[in-house]
Amino acid sequence: YANTDSIIPIKNRLMRYTQIREISYPSELMDNVNENIRKISVLLLAGLLAGCTSQVEQTQAPTQESTEPVQIPVPTTQQVPPENGFELLGGEPVSIVYEYGFVDQMVYECKQLGVQITTEGYEPIAVYNDWEEDEKKVVHDAKEILVGNTNRKASRELVQSLEDGSFAVKITEKQILIAGKDQMATHYALRYFRDEILKSPERYTAAGTYQIPTADYVGQVPDMTLEEMAATGEPLVMICYEVGRLDGINGYARVEGGCSDGKYIYQSHDTPDLSKVIISKTEIATMKRVAESEPMDVATADDMTWYNGELFLCKPGNRMTTEVAVVDAETLEFKGYRKFTGEYNTPTVHYETTKDQFVARVSGTSMAIYDGQMNYIKFMQSSETADNMTGQGMAADENYIYQNWWDELRREQVHDAITIFDWDGNFLAKATAYWDNGMADMEPKTLYNINGELYGMWIDWAQGMFVYKIEFALA
């Protein structure tokens, strides 16, 4: 782990502890050392190859080089599996080892793979990350299913061989390697292994064992819009990458709405009785707070949006109306109140600069559209539901409208969701984020459109506010 790309996820994990305020390490020195090692290794290898070539030329006659390109086997289902392969049922125990630093969705998927293998009648399988040393779990020298860029040499070599946007599944008698160039690609590699390889019924041998034939499979992350994903009819998931943490404010423990202008994140902090609110301003590039407002007697900001240098704060619960409080985004000073025209209250609202329009979620998943002067345009009725989940904030971009939902009951499978619509109010899809056990106490609070990309903030009431970049994928 003497590489900066391996240290970043470790740093993010450590920063979850409130006692830690800053982590520093000599990243430039590490990069220089690794680059020098790489250059020296290349020179040594070149020298060895030159010596070997000289000896071969002296003892052997020259041979004709093959011009046939190396062919990667095309994924196929064999009716009679060969006697050599990776054996899941019987024989040695098998472990699933995943990359330390995986986002929670990826950890969940690895654990679900272990559940799937076990429930389909195979041997119980241990699942852990490549840094765990719990002797109750780790079976040293066992056969392994390696997922992602683990600390195993075979994983590193496979990932380094891949191009951007590609993934591979490599099966040997001792290992199954499932990896992509990044975590999104690894998600699709897992999906391919789970749906196309593992479920094939022709893998059983005459002896009753279950073998996956040795082979190499390669694929590409599908280049699909949200409409195209929705058109497949398959469920969607959210891959959420942690990018930083927002600081809290003493005495203002309740956190609700937030928004962004592309350079800063503006976040509301409320007193427990919702009588006062403070707005914090955090620079996105550094995730450092640069300013905070004085306490304001404007109830709370149940949601918030940026509008041409101003912040619009929506009122909460039984106090919601068509009226919003207005705060100057530069000085964070309260300026007064303004009203949207029309009859609908605005508990959540987003102003989309590319369309010069507001969208507000007014009831359930139904929404209203307003022009840039806050004049009512139309109502968009929706009968879609989010499985008895609690509605939180919303955001939008030039193509889609996003509403986030909280699984407040935190049922057996801890998850949250985002419902996705187009600007005509047509429901496209619901994307689900399944969290690992460590996220069970997290509550999704708000969504941000940051330069055309979707981000969200979840709060852990013990550890703080975490900001995630959100991407969507086929489940």
Side-chain angles (χ1 to χ4, degrees), residues 246 249 252 254-270 274-285 289-316 319-342 344-362 367-377 392-398 401-403 423 445-457 465 467:
L246 302 179
I249 297 176
Y252 289 76
R254 185 179 176 116
V255 178
E256 295 296 340
C259 62
S260 174
D261 60 3
K263 185 177 181 181
Y264 300 102
I265 289 175
Y266 303 90
Q267 185 62 53
S268 67
H269 306 258
D270 312 304
L274 305 183
S275 62
K276 293 181 182 293
V277 62
I278 289 177
I279 305 297
S280 66
K281 184 176 183 179
T282 300
E283 185 180 45
I284 296 171
R289 180 180 298 170
V290 296
E292 64 182 57
S293 71
E294 294 295 324
M296 293 179 283
D297 298 319
V298 294
T300 183
D302 216 36
D303 196 23
M304 182 163 51
T305 190
W306 181 90
Y307 171 71
N308 295 334
E310 297 176 328
L311 307 175
F312 284 7
L313 283 59
C314 300
K315 294 183 178 181
R319 286 177 267 186
M320 69 177 66
T321 66
T322 61
E323 188 176 67
V324 292
V326 181
V327 174
D328 186 285
E330 178 63 29
T331 64
L332 300 183
E333 294 178 351
F334 174 65
K335 297 177 65 175
Y337 294 93
R338 292 185 203 159
K339 286 187 176 183
F340 287 92
T341 65
Y344 299 106
N345 294 333
T346 54
T348 63
V349 66
H350 173 86
Y351 173 72
E352 178 51 38
T353 57
T354 61
K355 303 182 79 69
D356 190 27
Q357 288 183 340
F358 292 90
V359 57
R361 182 174 60 82
V362 297
M367 297 171 285
I369 301 293
Y370 303 84
D371 66 20
Q373 286 71 49
M374 305 175 68
N375 297 311
Y376 171 77
I377 297 178
Q392 300 290 80
M394 71 182 307
D397 55 34
E398 62 179 331
I401 300 169
Y402 310 95
Q403 305 171 354
W423 275 85
K445 280 299 185 179
T446 191
L447 296 174
Y448 314 116
N449 176 347
I450 300 179
N451 300 319
E453 296 182 316
L454 187 64
Y455 290 73
M457 188 273 283
M465 297 168 279
V467 179

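When reading the values below, keep in mind they use all heavy atoms of this one structure, side chains included, and skip hydrogens, waters and symmetry mates. Residues: numbered from 1 along the sequence shown.
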Classify the side-chain pair Asp261/Tyr266 by whether it contains a donor and acceptor separated by less than 3.5 Å.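 Yes, Tyr266 and Asp261 have a side-chain donor paired with an acceptor closer than 3.5 Å.
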For the residue pair Tyr376 and Tyr370, categorise the inter-ring angle as parallel (less than 30°), tilted (30 to 60°) or perpendicular (more than 60°).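 Judged by the thresholds at 30° and 60°, the geometry between Tyr376 and Tyr370 is perpendicular.
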Check whether [X] reaches the backbone of [Y] with its side chain - one donor and one acceptor, N or O, closer than 3.5 Å.
{"X": "Thr446", "Y": "Gly393", "value": "no"}
{"X": "Gln267", "Y": "Gly257", "value": "yes"}
{"X": "Ser260", "Y": "Ile450", "value": "no"}
{"X": "Lys335", "Y": "Leu311", "value": "no"}
{"X": "Asp303", "Y": "Val349", "value": "yes"}

To the nearest 0.5 Å, what is the distance between [atom1] on [X] and [atom2] on [Y]?
{"X": "Phe312", "Y": "Cys259", "atom1": "CZ", "atom2": "SG", "result": "10.5 Å"}
{"X": "Thr331", "Y": "Lys281", "atom1": "OG1", "atom2": "NZ", "result": "8.5 Å"}
{"X": "Glu398", "Y": "Glu352", "atom1": "CD", "atom2": "CD", "result": "7.5 Å"}
{"X": "Asn449", "Y": "His350", "atom1": "CG", "atom2": "NE2", "result": "5.0 Å"}
{"X": "Ile401", "Y": "Trp423", "atom1": "CD1", "atom2": "CH2", "result": "5.0 Å"}
{"X": "Met296", "Y": "Ile279", "atom1": "CE", "atom2": "CD1", "result": "4.5 Å"}

Please report the closest heavy-atom contact between [X] and [Y], naming both atoms and the distance.
{"X": "Thr322", "Y": "Tyr344", "answer": "CG2-O, 3.1 Å"}
{"X": "Val362", "Y": "Asn345", "answer": "CG1-O, 3.2 Å"}
{"X": "Ile278", "Y": "Pro295", "answer": "CG1-CA, 3.8 Å"}
{"X": "Pro347", "Y": "Cys314", "answer": "O-CB, 3.5 Å"}
{"X": "Arg361", "Y": "Gln392", "answer": "NH2-O, 3.0 Å"}
{"X": "Val277", "Y": "Ser293", "answer": "O-OG, 4.5 Å"}

Taking the side chain as every heavy atom from C-beta outward, state whether [X] and [Y] have any atom pair closer than 4.5 Å.
{"X": "Ile284", "Y": "Ile265", "value": "yes"}
{"X": "Met394", "Y": "Met367", "value": "yes"}
{"X": "Ile369", "Y": "Val359", "value": "yes"}
{"X": "Val255", "Y": "Met457", "value": "yes"}
{"X": "Asp328", "Y": "Phe334", "value": "no"}
{"X": "Arg338", "Y": "Tyr307", "value": "yes"}
{"X": "Asp397", "Y": "Leu454", "value": "no"}
{"X": "Thr348", "Y": "Gln403", "value": "no"}

Count the heavy atoms of every other residue, nucleotide or ligand shown that sit under 6.0 Å from CD of Glu330, and state whether that count exceeds 12.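 No, the 6.0 Å shell around CD holds no more than 12 heavy atoms from other groups.
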Please lay out, stage by stage, how Glu256 and Lys445 fare under the test salt bridge (charged side-chain N to carboxylate O under 4.0 Å, His left out). CA-CA 6 Å; Glu256 295 296 340; Lys445 280 299 185 179; 3.1 Å; yes
Can we call the ring centroids of Phe340 and Phe358 under 6.0 Å apart?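 Here the rings of Phe358 and Phe340 have centres that are less than 6.0 Å from each other.
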Residues Met465, Thr282; criterion side chain to side chain contact (heavy atoms under 4.5 Å, CB included); working and verdict: CA-CA 12 Å; Met465 297 168 279; Thr282 300; over 6 Å; no
Dump the intermediate steps for salt bridge (charged side-chain N to carboxylate O under 4.0 Å, His left out) on Lys276 and Asp270, then the final yes or no. CA-CA 6 Å; Lys276 293 181 182 293; Asp270 312 304; over 6 Å; no
Check step by step if side chain to side chain contact (heavy atoms under 4.5 Å, CB included) holds for Val327 and Met304. CA-CA 10 Å; Val327 174; Met304 182 163 51; over 6 Å; no
